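Note on naming: letters A, B, ... go to the chains in the order of the sequence lines (proteins, then strands), and numbering restarts at 1 for each one. What you see is a predicted model; the values in this text were computed from it and never measured. Hydrogens, waters and symmetry mates play no part in the numbers below; they use all other heavy atoms, side chains included.
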There are 2 protein chains.
Amino acid sequence: MAGRIAAVSIVDAIAADLRTRIFEGDLAPGRTLTEADVASAYEVARPTAKAAIEKIVVEGLLERGAHKTARVVELGPDAVRDVYLARAYLESEVLRRLAGSRTVPQEAAEANGEIADLERGMPLDIVEPDMRFHLSLIDAVGNERISRMYRSLVGEVRLCMVRVQSLELLDTSLIHDEHQRILEHLEAGRADEAAALLDEHLGRARDRLVAAMGESAPARD
Amino acid sequence: MAGRIAAVSIVDAIAADLRTRIFEGDLAPGRTLTEADVASAYEVARPTAKAAIEKIVVEGLLERGAHKTARVVELGPDAVRDVYLARAYLESEVLRRLAGSRTVPQEAAEANGEIADLERGMPLDIVEPDMRFHLSLIDAVGNERISRMYRSLVGEVRLCMVRVQSLELLDTSLIHDEHQRILEHLEAGRADEAAALLDEHLGRARDRLVAAMGESAPARD
DNA sequence: CAAGAAATATTGTCTAGCAAGTACACATGT
DNA sequence: ACATGTGTACTTGCTAGACAATATTTCTTG
C-alpha cells in the first residue's frame, strides 16, 4: 500500500485536528474560534493558526467574513437539502459512468464490508467507512477534477452523516444492503438502476434528517 | 447592479492580479513563481505573497509541493479532457433541472447578448461573457454547494477557453447560436434536448482543443 | 431607555529571522 | 565515463513581536 507515511506540516496537522473536533461535536455549531484561541491551544504562532483556520473555511466547516471571528457552521434544513442535492448530481452521474464500464471499485467493496462487520450500538462508527465508500466511487472515475469538486463538499457531507447517525435515523444494515445493491448494479452494467437506487439512498437520508431538524429547530436560514 | 465596489484585502488583490496574468499568458505555463518574487513585485511582505500564491494553488492555476516553488500549470490533453468532462457532468444536470422549472436566467441571456455584439477579430473578448453565461446557469439553480463545486473548476475552464480562442478553433457566432438554442430549450422545458446540445457544445470544444494540442505537443501527462 | 463615545478584542499586515528542506553543481571514488 | 557523495545557495515553513484598521462590547450621557 502506497503512501503509508507522510510528513504533514504543522498547519495541516492543526487543520486536521480542528476538523476532527468539529465532526465529533467537541466544537459545537455556532462556537467561535479566534486565531489567538487556536494559536494558544496548539502553542503555535498566530499566522500558523490563521492558515489552519482558513483551510477549514475553504472546506465549509468554518465560516467567517473579513475582520470577523471564525464560527463553526450550523447546517440548517436548507443547507442539508443543498448538500444532498449536490451529492446526488455528481454521484448519480458517476454511477452511470462506472456502470457503463462495469467498474466495481475494490475499495468501495472493502469499505462496505467494514460496514457489515459493525456492532450494533455504535452508530457513529459507520461514518468513516460510509464516507470512504462514496469517495472511492467518485475517485474510481479517475478524473482529478471531479474528485476535487467532490472534495469541496466532503466536509459538509460528513457533518450530515454524523447527524443522521447521532439521531439514529438509519439502520446500519439498510445502508450496507443498499450499498451492496449499488455495487451489483455496477457490475451488471445497469446504469439507470444504480443511479435511481442512489437517489433513493440519498433522498431518504436527506428527508429524515430534514424532518428531524424541522421538529427541533424551525427552518429559517 | 450590486457589488460594484468591493474592499478587497491585499492578498485578494494580488491573487486576482496573478490570476489575470495567468489567463493573459503574461505568466506562461511552466513558469515558476517564488514567494519572494511575488513579494517584491507587488512590494508586500513575503507572508502576504505566500497567502496569495496558496489561494491560486487551490484554484488549480498554480501547483506546488511542500518546500517547492510554485509553477504555473500546463494543461495537457488529458487534463483538458478531464476539465470538459467534469463540466459536462455538472452543467448537463443543471440544465435538466432548469428546464424542469422552465427557468431562463436573465444574466445568461444578457451575457449571450454581449457575445452577439462582439466584433470579429478579437476572439479573446468572448471568454469573459462566455464564462459568465455558463456561471450564471450554474448559479441559477440556487444551490450554494453546486456553485462552490463549479467554482473549484472555473480557473481551469477559463484557461481552456482562452486556448480555444487563441487558436481560433471556434467561431464566435457558433458559440452564440448554441447558447441561444440552449436557452430556448430551457424556456420550452426540453430537458433532454438542452443537455444533449450542451454535451455537443462542450464536446466539440474539447475535441478540437485536444486535437490542436496533440499536433503541437504529444500527449504524455 | 436609547444613542453616542470610549475601551477592548480581533483581524490584517509588516519586519526580521532561524530552521529545515530542495536543487544543482561539484568533487570523489570506482 | 559513470555512479555516488558532498556542499552551497535558494526557497519554503514557522516563529516572535509589533502596529494599524476594523468589530464588538461596555460605559456614559441625554
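Between Arg81(B) and Asp78(B), at least one side-chain nitrogen of the basic residue sits less than 4.0 Å from a carboxylate oxygen of the acidic one, meeting the salt-bridge criterion.
One interatomic measurement links the two molecules: CD of Glu54(A) to P of dT13(C), which rounds to 9 Å at whole-angstrom precision. Atom NZ of Lys50(B) and atom P of dG17(C) are 19 Å apart (whole Å). Following rounding to the nearest Å, Ile53(B) (CD1) and dT11(D) (C1') show an atom-to-atom distance of 11 Å. In this structure, the CG atom of Leu33(A) is 13 Å from the C1' atom of dT10(C), given to the nearest Å. Rounded to an integer number of Å, the gap from CG of Leu62(A) to P of dT11(C) is 12 Å. Going from atom CG of Asp37(B) over to atom C1' of dT12(D) covers 13 Å, rounded to whole Å.
The side chain of Val11(A) sits closest to dC14(D) out of dT13(C), dC14(D), dT11(C). Residue Ile10(B) places its side chain closer to dT13(C) than to any other of dT13(C), dT15(C), dA16(D).
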Show which side-chain atoms of residues 61-68 of chain A pair as donor or acceptor with protein atoms under 3.5 Å away, not counting sequence neighbours.
{"residue": "Arg64(A)", "atom": "NH1", "partner": "Glu35(A)", "partner atom": "OE2", "Å": "3.3"}
{"residue": "Arg64(A)", "atom": "NH2", "partner": "Glu35(A)", "partner atom": "OE2", "Å": "3.3"}

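Under the salt bridge (charged side-chain N to carboxylate O under 4.0 Å, His left out) criterion, Arg151(B) pairs with Asp139(B), not counting sequence neighbours. With sequence neighbours excluded, no residue satisfies salt bridge (charged side-chain N to carboxylate O under 4.0 Å, His left out) with Asp199(A). Applying the salt bridge (charged side-chain N to carboxylate O under 4.0 Å, His left out) rule to Arg148(B) yields the partners Glu156(A); only residues at least two apart in sequence or on another chain are considered.
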Polar atom pairs between nucleotides 17-23 of chain D and protein, under 3.5 Å, N or O only, would you list them?
{"residue": "dA18(D)", "atom": "N6", "partner": "Arg46(A)", "partner atom": "NH2", "Å": "3.2"}

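Every pair passing side chain to side chain donor-acceptor pair (under 3.5 Å) that includes a residue from residues 123-132 of chain B is listed here, sequence neighbours excluded: Glu114(B)-Arg132(B), Glu128(B)-Arg132(B), Asp130(B)-His134(B), Asp130(B)-His179(B).
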